[in-house]
Amino acid sequence: MSDKEVILTQEGLKKLEDELEQLKSVKRREIAERIKVAIGYGDISENSEYEDAKNEQAFIEGRVITLEKMLRNARIINSDDITTDVVGVGAKVIVKDLEYGDTLEYLIVGTAESDPLNNKISNESPVGKAILGKQKGAVVDVTVPAGVVQYEIIDIRK
């Protein structure tokens, strides 16, 4: 079974590497200390501090495994790979909502670094899928929970 490719920008790669380093070097030690202290309280069968620490340890170890797998399967998008001819991962895209006239700017990223609140949308999101591969001036229909929204691609930048 092959692992799914994870598309990352340089910034996204650095963020995941930093998180992994933080979990391995800091969080693991903190949890080990919490477990050690909780064991010192005596009977671990009814020790909520011990249970909480073990649950957090399991979560952290799961996240470490996930991050290592993502980094192993990463495909890095460099600025040289980004074109302004068509929308692709790593491009900044300015779109206009044709119904309301609002102009929005999105950075197209892989799902691992998607952050809609900061206008970083996944290439697999409804808007990302609709505009991917399209050129400046194209009008696209995006199916959203409220219906269909039409966007015109105003500009594509690096």
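- With hydrophobic clusters built from ILVMFWY side chains whose heavy atoms lie under 4.5 angstrom apart, Val109 does not share a cluster with Ile7.
- Two residues are said to be in side-chain contact when any heavy atoms from C-beta on lie closer than 4.5 Å; Gln22 and Asp18 fail this criterion.
- Across all their heavy atoms, Gly90 and Thr9 have their closest contact at CA-CG2, 4.5 Å.
- Here the options are Glu49, Gln57, Glu56, the test is side-chain hydrogen bond (donor to acceptor under 3.5 Å, both in side chains), and the partner is Arg34; only Glu56 passes.
- The shortest side-chain heavy-atom distance between Pro126 and Thr143 does not fall under the 4.5 Å cut-off.
- Gln135 and Asp85 are not linked by any side-chain donor-acceptor pair at a separation below 3.5 angstrom, with hydrogens and angles left out of the test.
- Salt bridge status for Lys27 with Glu30: present, with a side-chain N to carboxylate O gap under 4.0 Å.
- Counting only heavy atoms from C-beta outward, the side chains of Asn73 and Glu5 never approach each other to under 4.5 Å.
- Within the model, atoms CG of Leu107 and CD of Glu113 stand 7.5 Å from one another, a figure rounded to the nearest 0.5 Å.
- Taking every heavy atom of both residues into account, Lys136 and Ile156 meet most closely at N-CD1, 3.7 Å.
- Of the N and O atoms on the side chains of Gln150 and Asp141, at least one donor lies less than 3.5 Å from an acceptor on the other residue.
- The shortest non-hydrogen separation linking Ala53 to Ile35 is CB-CG1, 3.6 Å.
- Looking at heavy atoms from C-beta onward, Lys92 lies out of side-chain contact with Ile94 at the 4.5 angstrom threshold.
- Contact record, Glu99 with Asp97: N-OD1, 2.8 Å, taken as the closest heavy-atom pair.
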